[in-house]
Structures are given as structure tokens and as C-alpha cells.
Amino acid sequence: MEAAARGNKKLQERVPIRRTAWRLADLAILFLLLALLLHRVLHDSGAPWRRAALACEAWFTFMWLLNVNAKWSPVRFDTFPENLAERIDELPAVDMFVTTADPVLEPPLVTVNTVLSLLALDYPAAGEKLACYVSDDGCSPLTCYALREAARFARTWVPFCRRHGVAVRAPFRYFSSTPEFGSADGKFLEDWTFMKSEYEKLVHRIEDADEPSLLRHGGGEFAEFLDVERGNHPTIIKVLWDNNRSRTGDGFPRLIYVSREKSPNLHHHYKAGAMNALTRVSALMTNAPFMLNLDCDMFVNNPRVVLHAMCLLLGFDDEISCAFVQTPQKFYGALKDDPFGNQLEVSLMKVGRGVAGLQGIFYCGTGCFHRRKVIYGMRTGREGTTGYSSNKELHSKFGSSNNLKESARDVIYGNLSTEPIVDISSCVDVAKEVAACNYEIGTCWGQEVGWVYGSLTEDVLTGQRIHAAGWRSTLMEIEPPAFMGCAPNRGPACLTQLKRWASGFLEILISRNNPILTSTFKSLQFRQCLAYLHSYVWPVRAPFELCYALLGPYCLLSNQSFLPKTSEDGFYIALALFIAYNTYMFMEFIECGQSARACWNNHRMQRITSASAWLLAFLTVILKTLGFSETVFEVTRKDKSTSDGDSNTDEPEPGRFTFDESTVFIPVTALAMLSVIAIAVGAWRVVLVTTEGLPGGPGISEFISCGWLVLCFMPLLRGLVGSGRYGIPWSIKMKACLLVAIFLLFCKRN
């Protein structure tokens, strides 16, 4: 009984959100979908294209049921950090993890700003209770050098932030605008000018650094990076800052650089493997009972975020109610009207809060606070949580390191020392042992312990494992937002990210980690299972949506129909459904403070994504399952963080679609071309060709269907006539033309 035992002032409150009108709308659209299905069944002509339409519409009805389940009972959690004042001395330690994998796609300056924002957090005794670990899977001396320079800069940056109450503590964001100085702000103006100058010097040092020079002239500090390969090197751990060894008592968190050992003979499991290595290394060095993980581009936007998180982690009567605290992903410098549909504002407010009202929000991979004991695989039971009793069981779970087993036992049973750690540098050697690439062999790491392997979306799978063990989770929405990141702002990057997510979801869906199985045999609640399915079926939507999208062109080209004619009663059902669904979506965006343009952009991007990223993800995983290919983890390019805000003239115009030779553009380009051809052929047949006496020809519904696709695929059609990065490459055009020719031949023969 954590909250009750430590005072009467509540730290958090669970507030249900009423949505009576929305529930009625949910049911109305469900009724129209069922009515359309019934009309299909009662007027079945046996034509294969009509049977295909029936199958697709049955799938859309199933998807709507999953959508209704996810949104049905939303909640929010209010936090009261001011009520922590009575237990300041009792606040637990937190280990903070930052992951980066490629110094080119994820420039060191991006990581540095995230780290500096973490080092400047507001938290009692931050120098003793907070520690920041940076995992560098690129094993780059440039990243290590940048972090070393950041630690030096932090000695003036952190006091400046605390002295002047700086709100945003990532320097590149803070110095991107000039504050208004009053006549009484002489000291602040002097400090601000000095800090801006120091940050610009830091930026120049990091950007001017090059790897050969560091290795030649960097002294012994970079000797460990000599002759290493990115995928084949020993463990490198460096304590870049330890406040306990500071003579001046600067009072900001420890900073530790970690590059785990890699071997070409062993799978390193991408980000999940890096997180497990950080978990073991931190267990031997600081062993905090709570952990925060961030992507390298997600900086702290609210310096009191850890205090807000503690309100949820400590504020329930039973710790089972809060295994982890997930914050929503928010983006700085977001493009107006969300042209690429990747800001997820409405999804968070509607689906995110709805899932939070079930067994809890999903783990999204960044901006999340974890209980270490939960990551260690502890389950819930009638008498609370259950741990590991024997040394043999600890060995099978955590591996051969006696120090790690002892630290795990301390966390599981709450026997954590309150004495400050004197020198974490003395733990480096034992920490290197548990970061070895072969340490996990014969253990439960990646299965029952730590981040789960087996999917490109290891974050969501790990959260599902936690929920399947009986735990719950909470969504933390605070103002200002807890963290801010950068969203991909180019067509290829957006689709690459969505393809990776969809591939990971399908890997989970067809594996033993399927939520239906975990709901049946473990403690995953049924409605939470349906909520997971709502996301996991993203790539499965692709073949159904592609089939439905092709029915319009097929019917116009072959003089058939798949939608009810205006003379049929079913036409008004389909029309009402079309109007109701689009009105529903429009009102959701308006209620969430978004524009009509943002609503259209998101709808358009869903159609484009379904015919590109999701479709390729579906095919990739199917081929992998059949043994013909392997899925590959693709790092999304991060924008470089700078202080001066200068724009690069080589950068594309924000919001405009750019293209490359990625295969992701082939099917959607073909579908865009096919829709235009189908409208042209259909219109030619209506105007110039006599169709009297030919039953079953297309009606206005088929023209509307193809016209709607043309509007959705307008960026692709512009790309067909564009040039440079705004034009679709000829290799993509030729492959798309080949697909169109094959489809036209198919229509002619049928």
C-alpha cells in the first residue's frame, strides 16, 4: 500500500473521460457497416468481384469493432508533484538510458542535447540519485568525444538552468530564440550571452571533430576505439562524469558511455539488445529501482518530469497498478497541418487515452519510466508480486555474474542501499563482463527478462509481456509536455519508419507472442488483447485495402460494378456510411484542436501508407516466414540540432513529398496511375460508347471511388511529372508501369 503508507495527500488521480455522443456515433457507424454486409449477402450475384467486396467490407467491420473497443472508455491521470514535498528524502533513484546507433543518421549533436536536458533535470539530490547512460551501438569515437565535451559544458549549463529557472533545457531549443530582456535583467542578460557563446563553441568543437584526428591525437582516452569495427569490437565503458568525485560539487547526474561488445557471429538484437546491456551495466554501477529510456532525439521539455512520474509510480495503493509510466510522443518544429500524418495527435488523444482506460497504455519505446523489478520479469499474483527465490533460478534468469544476481535480488526484494555510491569507476570491469555479446547465452534475457527479442517493435512486445504478467501501466500527460522529439519530415523517411513498425507488428502477430495466445494462457485482459490487435493488424489491412482500392478501376475497365447502383436501396446505405465515417473523422480532429487540412492529410497518408509501407511490410514478413528473406532494422534519419537555426539550402521544402528509388513507392505509384487510367476509360465508355443492353456496368459509385483515390494519391501524381527529389525516379515509374500493364491485361481477359 505505497500511497496510503506514506501520507494522506494524494499524488495522482484517475479521471474517466465522458464520451456519450461519441459512443452513439461508434454504434451508428457499426450499424451501417452491418447493414451494408447484410445487403451484400441478400443481393449476392455470385460475381467474384462482389464476393471480394464482401470479404473486404467484413474486414472493415472487424477493424471498426477493434477501433470502438480501443476508444470506448478513455481516462486521464492527473499528477500532484507538490504533494511530494513531505517525502523528498524518500524519493528513489532513477537510471536514465539514451540509445543511439549511427553517428551519421543520428548526429552526435542530437544526442548531446538530449543528454544535457537530462543532466539539468529538477530532482532532489540529482547528483546522487540520477545517472545517465548512453548506449552507442555505432561504437563511434565522435559520439564519445561529443559526450565528454557535453559533460564539461554541463558544469556551467546546469547551474545556469537552475539559477534562472530555464524551462526548456536542451540548449539548441533554448537558444533558437532570444528572450525579452527587461531593465532589471542585467545579470540574466550577461549569463545568457555567455552561455550562448559557450554553446556555440561546443557545437563547433563537435562538428569540427573527425574520427582520424581523435584516434591520432586524442591520447589514451580514445585508444580503445583503435582498429574497431562497428559490428565487431569489445565492450567500451567510460565514466564521463561522476559528481561524487567533483571538488566543486556541481550536483548533476553521473554520465556513463557504453558501447556493448559485438561479434559478427552473434545476433545483437538491435535496440532491444542495447537496452538489455544498459540494464545489466546500470545494475552493477547504480542499480536504481526505476529506469527512464529515451531515444537520442527526445529531449526533456519539462524539467520536473521525473517528479510527475514519481506521482504515478508511488501514488497507487498497489504497485501492480503502475508497472511503467508512458508519456505521449510530442514533436518540436512540427509541420503545419501534419502533411505526412505522423504527428499522431488524434491517435494519442482518442486511442491512447482509451487504451489507458483498459489494462494500460502500450510501451512506445521512448519517454517511458520503468520499474526495474518489472523489467526483470516479476509476475503478479494473489499475494502481490512474485520474485525468484533460489540462486539456481537467479542464475538461469540473469546469467553467471554473481554481482548481477545480487543486485537483482536487492531490487526484487527492495533491499536497496541508501548510502551514496562512492566511486562507480571501480565497477567498470565487472560491468564489461555483463555487456559481453555472449553473456545472454543460456539465460532468459530477451525472453522472460528485459526487453523482448523477436520483433522490430521490441518496445510494444516488451509492454505486452509486462501486461501479460498481470501488471498495469499509466499514461502521463503533463503541461508543458514531458519530452519533445523530431518527426520525420520527408516522404521516404516517414514511410521507412511506418514500414519498420508494421513489420514488427506482423512479426508479433504470427509468432507465439500473439496477444490472443497470451490472453488465453496468461494474464492479458481480453479488451487489452483487442487493443493490441488494433495496432498489430496494420500490415494485414494492406491486402484488404489494396483489393478494395483495385475493385473500382477493375469495374471501370471491365464494365462491371461492385457498389450498389443509385436505383438500389443499398446505395443509400453506402452513401450514409461514407458521409458518416468522414464526418466522424473530421469531428475527431476538430475536437482535438486540429484543422480540416490536417484531417485530410492524415486520411490521405493512411491510403498512401496502406498501399506502400504496410503492403511492403506484409510481403517482407511473409517472405521471411517462408525463409526467402530477412527483415532489416532501418534507422530513421534524425535532423541535426543546432543553435543558429540556419537552414541548409539542400534541404527539401517542408511538407512537400520527396522520392527516392525505394521499392516502397512502386505499388502506390502503380495504383495512382491505374486510378487515372480507369476514370479516363470509364468516362470514354460513358460518353462515346453505347452500353445499352450491357447489364451490370459501372455506376456513379465506381467513379466516386476512383476519384477519391486520385485525390488521395495526388502527391504521387505530382511526382510523376516532377523533377529532382520531387519527382519519382524513372526506375520506379517503369516498374509501376509494368504492374499497370499486367493489371490491364488481367481486366481485358476477364
Partner residues of [X] under the side-chain contact (heavy atoms from CB on, under 4.5 Å) criterion, sequence neighbours left out:
{"X": "A154", "result": "L116, L119, V158, F252"}
{"X": "T327", "result": "M476, A482, F483"}
{"X": "P481", "result": "N301, K330, E479, M484"}

As a test of understanding, state which of [options] forms a side chain to side chain contact (heavy atoms under 4.5 Å, CB included) with [X].
{"X": "R372", "options": "I412, V94, N287", "result": "N287"}
{"X": "N293", "options": "Y363, F369, Y133", "result": "Y363"}
{"X": "V258", "options": "L278, D136, V134", "result": "L278"}

Query raised in the report: Any luck finding a side-chain donor-acceptor pair between E433 and S401 under 3.5 Å?
Result: no
**Report entry** Flag for S473-H467: side-chain donor and acceptor within less than 3.5 Å
**Finding:** yes
Aromatic centroids of [Y] and [X] separated by under 6.0 Å:
{"X": "W192", "Y": "F175", "result": "yes"}
{"X": "Y174", "Y": "Y199", "result": "no"}
{"X": "Y453", "Y": "Y270", "result": "no"}
{"X": "F362", "Y": "F324", "result": "no"}

Report task. Please indicate whether K522 has more than 12 foreign heavy atoms, meaning atoms of other residues, nucleotides or ligands, lying under 6.0 Å from its NZ. Result -> no
Query raised in the report: Where do W451 and H370 land on the ring-ring contact (aromatic ring centres under 6.0 Å, His included) test, with the steps shown first?
Result: CA-CA 11 Å; W451 274 254; H370 301 270; 5.3 Å; yes
Query raised in the report: With the threshold set at 4.0 Å, does a side-chain nitrogen-carboxylate oxygen contact exist between E200 and K196?
Result: yes
Query raised in the report: Does NZ or CZ of R169 fall inside the cone over W157's six-membered ring, less than 6.0 Å from its centre and within 45° of the axis?
Result: no
